[in-house]
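Note sheet for the following structure.
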Amino acid sequence: MAQHPIPDLIAKCHLTWKRYVARQCLPHQISLKQLHLLRLLKKGPLSPMQAARELFCDKPTASVVLGNLIKRGWAERHANEQDRRGACLLITRAGLEKLESMEAGGGLLRGHRPQECLNAEERETLRVLLLKIYEHLNANLTGENHDATS
């Protein structure tokens, strides 16, 4: 059996999982990007620039995603207390209810987790190795200091 390059395997796992989650989001009328931002907003406020970084996109693209969250009533834009020129995004009660409804009854992914084929030790080893690769890529290719744990 031919050995597959590690980046290709990571990409295949990522894309397969992303397609699966996107299909699970369809009945809830929410995109993956919207879901990701709602989950982040549940933890605390974000600026539009932070949202763009989290979505790995430019600010105008993030603004469209944020605008759709606001239009649906799942998020609100407020003045940023630290920087009056900027905005601060907060999750609304409706946004919290949307997340809760998606997680009800076993959750959005209904128990399907890619790592369930691994034992606890293998999961931890994989987590440590993937984090090491991510930090290496981040430091050497992007020059950014982006937190992999968020």
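Side chains are part of it too, since the values below use all heavy atoms of this structure and drop only hydrogens, waters and symmetry mates. All residue numbers in this chain count up from 1 along the given sequence. Computed from a predicted structure; not experimentally measured.
Within the 4.5 Å cutoff, side-chain heavy atoms of Arg19 are placed close to those of Thr16. Annotation: side chain of Leu69 is not in contact with side chain of Leu89 (no heavy-atom distance under 4.5 Å). Between Ile91 and Leu99 there is a side-chain heavy-atom pair separated by less than 4.5 Å. Looking at Glu124 and Arg127, their side chains come closer than 4.5 Å, going by heavy atoms from C-beta outward. Side-chain contact between Leu40 and Gln50: absent, with no pair of heavy atoms (C-beta onward) separated by less than 4.5 Å.
For the 3.5 Å distance criterion, the side chains of Glu76 and His78 qualify, holding a donor opposite an acceptor. Between the side chains of His136 and Asn140, a donor-acceptor pair is found at a separation under 3.5 Å.
With sequence neighbours left out, Glu122 forms a side chain to side chain contact (heavy atoms under 4.5 Å, CB included) with Leu118, Asn119. In this view, Gln115 satisfies the side chain to side chain donor-acceptor pair (under 3.5 Å) rule with no residue, not counting sequence neighbours. By the side chain to side chain contact (heavy atoms under 4.5 Å, CB included) test, Lys132 is found to be paired with no residue, residues two or more places apart in sequence or in another chain being considered. Every side chain to side chain contact (heavy atoms under 4.5 Å, CB included) that Ala94 has, sequence neighbours left out, goes to Trp74, Thr92. Checked against side chain to side chain contact (heavy atoms under 4.5 Å, CB included), Pro45 has the following partners two or more places apart in sequence or in another chain: Cys88, Leu90.
Evaluation of the side chain to side chain donor-acceptor pair (under 3.5 Å) test over residues 60-71, restricted to residues two or more places apart or in two chains, returns Asp58-Thr61.
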